[in-house]
Amino acid sequence: MASPLAASGSFGPPQPHYNYAPAPRAPQQPKPVPVDLPALQNASRILYDQFAKDAQIIPDLGETLTASGGQASASYSVFPDDTRVPYQKRRFISIPEGLFQYYDSASVTSHMGLMPELERAWISIDHKLFLWDYNDGQDLSSFVDQPDVITSVTLVRPKASLFIEEISHLLVICTPVSVLLLGVSVTSVPGHDGRSRKEIQFYATDRNIPTDIEMISVVGTQDGRIFMAGAQDGCLYELHYQETESWFGKRVQLINHSVGGVQSLLPRFASATNDDRIIMVVSDPLRDCIYTLTEKNTISIYKPSGEKAVQHIQTLSNVYKSAQDKAPGSPALTPQSFNIISLHVVGPQESRSGIQLLAITTNGVRLYFAPGPSYGYSYTPTTNTVRALQLSHVRLPPSNLLHPDDHSRFRSSLPSYGQMSQKPSRGFIISAVENACYCDGLLVAAQQGDSDGTDYILCTSPDLTRVGSLGQLNAPQQGGPNQQQYGNFGGYTGSTPSRPPLTEYATLLSIPGRTWALAAVPKLASTTPQNAPNPSVINELARQFGESPQQFMLLTNSGLSFISKRRAVDYLKAVLEEFQTGAIQPLIEFRDSFGRDQTCAMLLALASGNTYLDGDASPNGPIVYASPELADVAKKAFYDFGERPIWTERVTYSTADTQGSAIFSGRREGLALYFARLVRPMWKAKLTKLGSLEKQQLNVPEGTLVTIQKNLFALKDFLDKNPHLFHASPGDTPVNQEALKAEQHSVTELLALLTRTIEALSFVLLLNDYQIGELISQCDKETQQLIADQTFEELITTQHGMTISRALVNVVIDQQIGQQISVDTVSEVLQRRCGSFCSTDDVMLYKARENIRKAVETKSPTERQNWLSESLRLFTKGSRIIEFEKLREIIGDYQQLDYAKGAILLPLACAQVFDSDNTGLEHWYSGSPANDPRQEQANQRMQCYDLVMDSLSVFEEKCGTKRPAQVLPGLDEPETVRSHAYELAFASEDEMFHSVLYDWLIGRGLADDLLEMRPAYLEAHLRREPVTVQKYQLLWQFYVKNGQPLRAAEILGALADSNQFDLDLSSRLEYLTLAVANAKSHPISAGGRHETAIQFLTDLEEKLDVAQVQLEIYNTLLPHVSDAPEVEEKVRALSKQLMSMTELYQGYAVAFQLPALQLLCLHVSEHRDESVVRPIWNQIFDEILNESLEITAMADLILSRVVPLGQRFYPSTSAFPLRHIATLLVRFMLAHKSELPYGWAPRILIQCGAPFIEIWDVFHEMYESQIPPFNDQANVQAISSDIAVLLNDWLEEALRPQSSISTAEFPVGRIDSTIDHYLSELEPSRSETKKVYENIKRQLRHNW
């Protein structure tokens, strides 16, 4: 990397490292832009990718120890006291002066130790116990209420519910002759520097017990049991305490588990004798077991079982031999030097491979124990069982440590970063470790220095540049002058494995005094939600911007020293400071060691500021900013080291297309990485959890959210002030421009997510201020469930998140309005702090609701109308975000206030907005098909229309009930409101709404009123599918009232013909009759449809005729409906639909042998076919002749059958063939001449309505024909007699007053001449006939 950084010029003398400036918790945001959810989701996926990377780049402790199958390792990076030293001394606090007054003689006995949980050191002087608040510096609490010399004090947890609630801890105070329990309560109070400090109070518990043996190494378990070792006998004891004495036990008793009190799965072992005393007891709370260490380096594992009982799990003896097997020939492993001085629990979070115990020897060898093959016992967090352990790995001590005195000598001639330091003139070999502390992969161990009054502290920590996969282009090489590997088991031999073995930074620090106790300073660790990838605990790169660096306390007889782990960002700060003095190379080598992306992420943090930049800063403190000069260097380095994005193209061989993708620059990767690390503790976490009183509460602590927000805001502020960091450089090639375009798009999405996340945190913190549990409980059940399932990520990036945020904002606004707080005040706070969670539309809705409230409160009718009009205007503008339930409430308010305009127009406006692209309307137009995706929008419209109908119903009801004394003066009369409501409804141009409205009115029996009004869309509504009888009935009436009778006739005809309606036959006949009547009233000139109308009328009349035939057939057959099932089926079919004449004739008249109805069919259809009609008449006569009757009765029957048919059908030749019927009658008459009167046959025809002249013509033709039977003279004479009667009847009818036959029409001449012919051929014996003829002639002459 060349000159751009160097060209930044000389920055002058170094400035103070940090400027502290508070970041506002609720920064003012610019006017929000619409939320682009897809862009936010893309950016969220980028963050998740970074989570996954952070979980993979650094292996966990177990993976580094077992890399390449190594059983031992000794790889260390040792540097002089320069930028790379892994630990630094932070501060020293002297023992309070007040204590020295108690050292009143040379023979006092004093002990001391640390209690980090209480932020106290304990110091005993003879029988007096002092607890020193080292944060305060001089504050001492004392306990002097017992007479014996105190030898040890331990802090443990009490058993649940045994003491008063205030007692959160117990002090176990041991003397040579007793053990005493002292209760302690802890409360946090503000300290003098703004940080909280812990205040303690002692409580006597009346739990103490005398003992013959002095107790040492006291530990407590999670459930309050207390274990310890006997100093003289080396046995494992338990201090059992309970609430009251009983038959089975005292309130306090010591149980010796080494003598018969332990259930062992193994044969009894001899460690409980004085030959090998227990010297240390260690509790493992997560695995619920305890470990013991004996003088002879034997380790045992116990598991507390039932009350007063423990279970012996395993004893590890011959640890030295196991260690030698794994590291043969190591000078650090000799029988003389092998002495384990301490045991340390390795938490499950540190090692997925199960390493759970660390033992440290006096010369700094670390022995790691892990479960062996899965036999016997096993431990998993779910089953809570313990697996048998075995030695897994031996970590040898560094042999090339710099002597603390040599650090200053080598500081004057430092090598460049990454170069190897020269071998110092003297090193230091760890040989007499007395005290050690282990925490999350970090080791701090103390041994006496080689000068009086000084201890040397061995400090180690993983070298992440060597164990991690950080994307380094020039990865640091293993080995070298400043590294140590031991033999061929160094864990990194020959070939390159997938994971490098453990390499650690190591250094020696000197501190004043002799070390009594070591402890890790408790800190609020950065957490990762369960459903997000979790970085290993040694991955400080992922954690350094979300938690304080790990610190250790060393208590000596001089005071308390604090040493702090230096993080990668601390190394980078030191390198940047060196750069300011002109040293460029260290910065480049830092980049090469940690990789481009990691370096850019750290540079971005330094440039923008972070709450954790200063290791001493409080987690809840302000943003820490580097000096302006240092921040400027960091910014320039961020830009230059970030390089440019690269466009890579890949050819698809099956086509000529080339596709490409961008490899992003270090700037974009650094931004994504830093952003992801800031939000990791909360991103995938649930928003809330169930708290006390069954109310929801924040799932992530408020302090954590505040800190995250501060850091995000500092980042956004920096990026807003430096937009050029991601801009293109001039002169880039088109390919580079493609890559830059892709990068800028990605960065834009990340920045949008950054802004949205800051606002989301403001929103959540605001909700917390307003009691989030109470707010959630006021939401509906569905929303409550949605909130319970929601993560922070979903709140920020999903539609569900927007839904619940809007619901919660509504609840907040309601709550504030309920407290008479102005909407403007509340909405201004919401928009300023979290604009995208409270849009302008939201604010409009809140103001609109406030206007309704003001309308209710005012007494002025004018003001009320103004407030209501303004509310309607605002609701209409913001209608796109009104939820339906809220809309229902608003309409309810308008109904109560008799505000017809709002109650009608707002739902109609919402219907349009909810279906803005008219997909629901299209669904309705297309007949509302089922399983159509458009149905949802149509349903939303319908819901809005239902609200309009509800308003109309309410206004109707108010007209029908007596109005109570007005609560609100000046409201309009109910009739006025109702009329106005209907006017507004009918004025709508929404056709779908009109259709719903008409159905509603028709359903209320107002169809006639609707027809009188004839509104614009009524015709289309009545014609629209699905059609109904009611719609068609209204439609033809609509046409009649509208002066369109022909259209009415068309609808009636369609109704009569329709097969989709269940109409009876009489109704269909009625509709046809009405159709004919309407068609006949169609004016000739109307619309130029005269010919069509005539044809239509003709068709209708024919249909009517056929329908009447069908009705007659139906009525004829109905009495026979129960004769047979097939008869019933056919008769029912007649009643269901109109049939054609052919169907009626063949299917019914013929099928059921109904000659009269056959004739009717022929008559109506005007089917002229003698061959069809004659057999029917023959059948009629045959049926009569087949009857066993007398001749006169038979003649009467013929009369009764023929006359009605003649009267009905004559002159239809289709149904009443006159000549054939006359022939049938005459044949019957001739067959029975003697028994029938003259004129019987012609008189029947006269009754049928046939004219006299036609009958005479037929009979005269028979008379003259000579065709059998008229070739017989007797038959001819009989016909003559019938003609005489016929002519006489004709004459009488002609002479009768008011006769239908005029005398002028009577054929006098023809009759006169023909009678002469008849008389000339008449037999003499027919005197009666002759008289009739002669009488006719006389009458003719008399009258004509």
Side-chain angles (χ1 to χ4, degrees), residues 31-32 806-807 809-832 835 838-914 916 944 947-948 950-952 954-955 958 966-974 976-985 987-990 993:
K31 188 174 180 181
R806 185 165 291 132
V809 168
N810 285 337
V811 173
V812 170
I813 294 288
D814 285 342
Q815 188 188 73
Q816 299 300 295
I817 290 175
Q819 296 169 10
Q820 304 297 311
I821 297 170
S822 165
V823 168
D824 286 336
T825 307
V826 184
S827 61
E828 192 267 331
V829 170
L830 285 163
Q831 284 201 293
R832 179 167 50 83
C838 180
S839 67
T840 312
D841 285 343
D842 289 322
V843 174
M844 276 195 294
L845 298 188
Y846 305 141
K847 288 184 176 177
R849 285 167 63 197
E850 189 171 38
N851 285 336
I852 290 181
R853 180 171 62 84
K854 289 176 179 175
V856 171
E857 291 171 354
T858 186
K859 294 183 179 178
S860 162
T862 308
E863 276 188 14
R864 181 178 303 113
Q865 281 305 311
N866 291 342
W867 288 127
L868 289 172
S869 296
E870 179 62 10
S871 75
L872 176 59
R873 185 185 72 80
L874 292 171
F875 277 134
T876 306
K877 279 184 73 176
S879 56
R880 68 187 180 85
I881 62 163
I882 299 180
E883 294 167 5
F884 182 73
E885 287 306 316
K886 285 291 177 189
L887 179 62
R888 192 196 299 277
E889 289 177 21
I890 295 162
I891 301 307
D893 291 339
Y894 282 154
Q895 291 168 359
Q896 292 302 311
L897 293 165
D898 285 348
Y899 187 47
K901 188 175 181 181
I904 303 300
L905 296 188
L906 181 57
L908 291 177
C910 288
Q912 298 287 348
V913 171
F914 293 169
S916 56
C944 295
L947 290 179
V948 179
D950 184 59
S951 295
L952 292 172
V954 169
F955 297 144
K958 286 188 176 183
Q966 285 189 0
V967 179
L968 297 174
L971 293 180
D972 290 335
E973 286 300 314
T976 308
V977 175
R978 178 184 63 180
S979 300
H980 187 39
Y982 277 113
E983 281 173 24
L984 293 165
S988 168
E989 295 182 359
D990 182 344
F993 163 69

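Counting from 1, the numbers follow the sequence of the chain as shown.
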A.B. asks: Are Lys847 and Glu850 ion-paired here, with the side-chain N under 4.0 Å from a carboxylate O?
C.D. replies: no
A.B. asks: Trp867 versus Val856: any side-chain heavy-atom pair under 4.5 Å?
C.D. replies: no
A.B. asks: Roughly how far, to the nearest 0.5 Å, is the CG atom of Leu906 from the CD1 atom of Ile882?
C.D. replies: 5.5 Å
A.B. asks: Not counting sequence neighbours, which residues clear side-chain contact (heavy atoms from CB on, under 4.5 Å) with Glu828? List them please.
C.D. replies: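 For Glu828 the side-chain contact (heavy atoms from CB on, under 4.5 Å) partners, ignoring immediate neighbours, are Arg832.
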A.B. asks: Any idea which heavy atoms bring Ala900 and His980 closest together, and the distance?
C.D. replies: CB-CD2, 4.0 Å
A.B. asks: Supply the atom-to-atom distance Glu989 CD to Leu908 CG, rounded to the nearest 0.5 angstrom.
C.D. replies: 11.5 Å
A.B. asks: Under 4.5 Å between any side-chain heavy atoms of Leu830 and Ile813, yes or no?
C.D. replies: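 Side chain of Leu830 against side chain of Ile813, heavy atoms only: contact under 4.5 Å found.
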A.B. asks: For Ala981 and Phe955, which heavy atoms make the closest approach, and how far apart are they?
C.D. replies: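 Minimum heavy-atom separation between Ala981 and Phe955: CB-CD1, 3.7 Å.
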A.B. asks: Would you please name every residue forming a side-chain contact (heavy atoms from CB on, under 4.5 Å) with Gln895, sequence neighbours left out?
C.D. replies: Ile891, Ala903, Asp950, Ser951, Val954
A.B. asks: At what distance, to the nearest 0.5 angstrom, does CD of Glu973 lie from OG of Ser979?
C.D. replies: 11.5 Å
A.B. asks: Is there any salt bridge (Lys or Arg N to Asp or Glu O under 4.0 Å) pair reaching into residues 866-876, and which pairs are they, with sequence neighbours excluded?
C.D. replies: Glu870-Arg873
A.B. asks: How about Ser871 and Tyr894: do any of their side-chain heavy atoms sit closer than 4.5 Å?
C.D. replies: yes
A.B. asks: Could you tell me the separation between the CG atom of Leu845 and the CZ atom of Arg806, rounded to the nearest 0.5 Å?
C.D. replies: 8.5 Å
A.B. asks: Taking all non-hydrogen atoms of both residues, which atom of Pro907 and which atom of Val948 are closest, and how far apart?
C.D. replies: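 Taking Pro907 first and Val948 second, the nearest heavy atoms are CB-CG2, 3.7 Å.
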A.B. asks: When you compare the side chain of Leu952 with that of Ile904, does any pair of heavy atoms fall below 4.5 Å?
C.D. replies: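 A side-chain contact exists here, since the closest heavy-atom pair is under 4.5 Å.
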A.B. asks: At what distance, to the nearest 0.5 angstrom, does SG of Cys910 lie from CZ of Phe884?
C.D. replies: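 Atom-to-atom, Cys910:SG and Phe884:CZ are 9.5 Å apart.
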A.B. asks: For Thr858 and Lys854, indicate whether the former's side chain and the latter's backbone hold a donor-acceptor pair under 3.5 Å.
C.D. replies: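 Not a single qualifying donor-acceptor pair exists.
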A.B. asks: So, using side-chain contact (heavy atoms from CB on, under 4.5 Å) as the criterion, who are the partners of Ser869 when residues are at least two apart?
C.D. replies: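 Per chain and number, Ser869 pairs via side-chain contact (heavy atoms from CB on, under 4.5 Å) with Tyr899.
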A.B. asks: Got a sec, which residues hit salt bridge (Lys or Arg N to Asp or Glu O under 4.0 Å) with Asp990, two or more places apart in sequence or on another chain?
C.D. replies: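 Salt bridge (Lys or Arg N to Asp or Glu O under 4.0 Å) list for Asp990, sorted by chain: Arg941.
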A.B. asks: Would you check if Ile852 and Ile890 make a side-chain contact, meaning some heavy-atom pair closer than 4.5 Å?
C.D. replies: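 Sidechains of Ile890 and Ile852: in contact.
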A.B. asks: Applying side-chain contact (heavy atoms from CB on, under 4.5 Å) to Leu868 and Leu897, what does each step give before you reach the verdict?
C.D. replies: CA-CA 9 Å; Leu868 289 172; Leu897 293 165; 3.6 Å; yes
A.B. asks: If the condition is ring-ring contact (aromatic ring centres under 6.0 Å, His included), which residues does Phe914 pass it with, not counting sequence neighbours?
C.D. replies: none
A.B. asks: If I take atom OG from residue Ser860 and atom CG from residue Asn866, how far apart are they, to the nearest 0.5 angstrom?
C.D. replies: 7.5 Å
A.B. asks: How about Lys901: does its NZ atom have over 12 heavy atoms from other parts shown lying under 6.0 Å from it?
C.D. replies: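 It does not: Lys901 NZ has 12 such atoms or fewer within range.
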